[in-house]
Every structure is written in C-alpha cells, then in structure tokens.
Amino acid sequence: MLVPFASCAASGCQEALRGLRLPHLQRLLRQMGVEGTDAGDPGSLSAPHERALARAWGLPFEDGLVPLAALQVRQAGQEAGTEGWAWITPAHWRVGRDHVDMALPHDLALDADDSQALLEAMRPYFAEDGITLAYDAPLRWLARADVFRRLPSASLDRVMGRTIDRWMPSGDAGRPVRRLQQEMQMLLYTLPLNDARQRGGLLPVNSFWVSGTGALPPGLPTPLGLQVTPYLRDTALVGDWAGWAAAWEQLDARDGARLLRELEQGRTVRLTLCGEAGTRTWSSAARGAWQRFTGLFSAPAPSALLEGL
C-alpha cells in the first residue's frame, strides 16, 4: 500500500501529528523493517508518491516524466502503446502584478456538461499541434501526442493553490504547451460559457495544466496487489488538518487493520508512506534484518514515524 500525503512540514500538520492515534499502523510496523528511504526534494517536479509509484511499476525514474496518464489508460484496459500521454486539467489562473497562481481545481465547481463544452471549444487548437483530447472527468482530460513523450511536467499536486511560475513547462520541449496556454487564455476570455459561469458566481476557466506526461516502455509488467490510497490528499492540499487527522485514523481502522490481518496470515506486506519531499518504505520481508540492527521491538509513536517525510 502506498499512502500519499502521510505527512508534511506545515505547522498545522505537525500539530495534528502529535494527537494522531494509529494503533493498527503501530502494530503493523512493529512486525516490519525499513526497506528503503527516499529523501527527495520538495522542489522536484514529481511528487514523492509519484516517484514511489514509478518504483512500484519498475519504471526508470526521470523527474517530471512519470507517465501517470499512460498508466491510467493501461489500467483502464485500453492500449496505451509507447505513445506520449498527458493529463490536461482545466484551470483558473489568478494573475497578479508580479505572479500567477492557480485556484484549487475543485473551486471551479466544474460539471461534466461545462467540462465537455470547454473541451470541444479547445479541441481544434490542440489538434493543430497533433494533440488528441479525450474526456475522462470534469477536472481531467486525457491527451495523446508525441510532444508528451519527453516533456517533463510538474505534478498538479505541486501547483494547485500556489504560484505557478517556477513549475511551468520549460525549454524547447515546453514551448508548444506554453504557446497553447497563451492561445487558450485568449480563447477562453471571450467564451460565452465563461460569461455564463461568472454570472452564476462561478470561476471562469481561463487556462489548463499539463501533468502526468511520458510514455510507457514496451513489455511493462503490472505490479501485483498495489493499492494507492487517495484519502488524505484533498484535506492536505487545502490545509484542513483536523479533517486530515480524521481521514488518517479512518485509513488506519480500515486499511491498517486489513494489512495487519494479511501480515498475520503470512502474506508479504509492503507499506510506503509519502510526505511532501520524501518517502519511507517498510516491508515484512525486511523484518529480521531491521530488528537485529536496531534492537527495537516496538514501533515509535505516529508523530515520530511520520515526521521528516
């Protein structure tokens, strides 16, 4: 199991950690050993859980080129091939005097009808650059084009609610995307749909974000039994640390208890906890070596386990 947003350096998160109660996680880790750590960098294009996912799939890692969109196509039972894929997220950019930041995508309150109408308006411009768009969800479209094979992109989790300047696609590889973003700002500014959204008190969609870029290598095997938990993400991104702590405790009661049962039944269990910079992986297979090295037979408190990720 891979747990994104298990911790972060925000003061509210660190305060919530001190009151966190995760009894199943503690019992689980008491019987497991540290298999590996990834110190990471909070300035990397790929978030820690994306790097961990690349390792779980056996993908060669290159920052900003974890092919998450291609993996989604593959997991949906479609043929991803070795083409370049990307996620396109409709976005609202707030332009200040000296910076641009991006609203949280959920703040758009974008429904399926508006999203598909926006896609149809934007589709011809993308097609001119050889990019094929397909609707997936209101806040996620799939894009296929050769340009995405080698285009490093910043994770949406890095930029939402933040200043975007440092995360923009750079260099020659990013030039087509930057040009498209400029063209879409002009198109969307005059779009009647956006006028109607604003009259209804909704944010206009005035740009888009590209993420999850890359291509799958041929013959990639599917990892068995991999679970990625989405439950902590939304509360962490909006800084709702009370909600985050509650979600952690629910995760512990449900999935922590399940993993503990599997471990006690003799199955191999691996758990990766991801922060905003790095990750730490525990495994039942590493249990003996870890205990002999450390001499510890009880797991630390959750705050000690999760701090520093």
**Prompt:** If you draw a 6.0 Å radius around CD in E15, do more than 12 non-hydrogen atoms from other residues or ligands fall strictly inside?
**Reply:**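 Incorrect, the count does not exceed 12.
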**Request:** Applying side chain to side chain contact (heavy atoms under 4.5 Å, CB included) between R149 and each of T213, L65, T82, report the one that passes.
**Result:**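 For R149, the side chain to side chain contact (heavy atoms under 4.5 Å, CB included) test succeeds with only one of T213, L65, T82, which is T82.
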Nearest 0.5 Å, what's the [atom1]-[atom2] distance between [X] and [Y]?
X    : Y    : atom1 : atom2 : result
W209 : M168 : CH2   : CE    : 5.5 Å
L104 : D101 : CG    : CG    : 10.0 Å
L180 : L187 : CG    : CG    : 11.0 Å
L29  : H24  : CG    : NE2   : 13.0 Å
F208 : I88  : CZ    : CD1   : 5.5 Å

Check whether [X] reaches the backbone of [Y] with its side chain - one donor and one acceptor, N or O, closer than 3.5 Å.
X    : Y    : answer
E50  : A47  : yes
N194 : V205 : yes
W85  : V73  : no

Check whether any side-chain heavy atom of [X] sits under 4.5 Å from a side-chain heavy atom of [Y], and report yes or no.
X    : Y    : answer
M1   : V269 : no
L273 : T279 : no
R270 : S284 : no

**Item:** Cation-pi, Y135 ring and R140 (6.0 angstrom, 45 degrees)
**Value:**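 Judged by the rule, R140 and Y135 form no cation-pi pair.
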Can we say [X] and [Y] salt-bridge, meaning some charged N sits less than 4.0 Å from an Asp/Glu carboxylate O?
X    : Y    : answer
E120 : R123 : yes
R150 : E62  : yes
D38  : R55  : yes

Do [X] and [Y] get their side chains close enough for a donor-acceptor pair, meaning under 3.5 Å?
X   : Y    : value
H49 : D157 : yes
W87 : S153 : no
R51 : S44  : yes
Q26 : D252 : no

**Message:** Please give me the minimum heavy-atom distance between L108 and P204, naming the atom from each residue.
**Reply:**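 Between these two residues, the closest heavy atoms are CD2-O, 3.9 Å.
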**Item:** Full working for side-chain contact (heavy atoms from CB on, under 4.5 Å) between L25 and L251
**Value:** CA-CA 10 Å; L25 178 69; L251 174 63; over 6 Å; no
**Asked** Are L232 and L17 connected, step by step, through hydrophobic side chains (Ile, Leu, Val, Met, Phe, Trp, Tyr) whose heavy atoms are closer than 4.5 Å?
**Response**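 Yes, it is one cluster - the side chains of L232 and L17 are joined through contacts under 4.5 Å.
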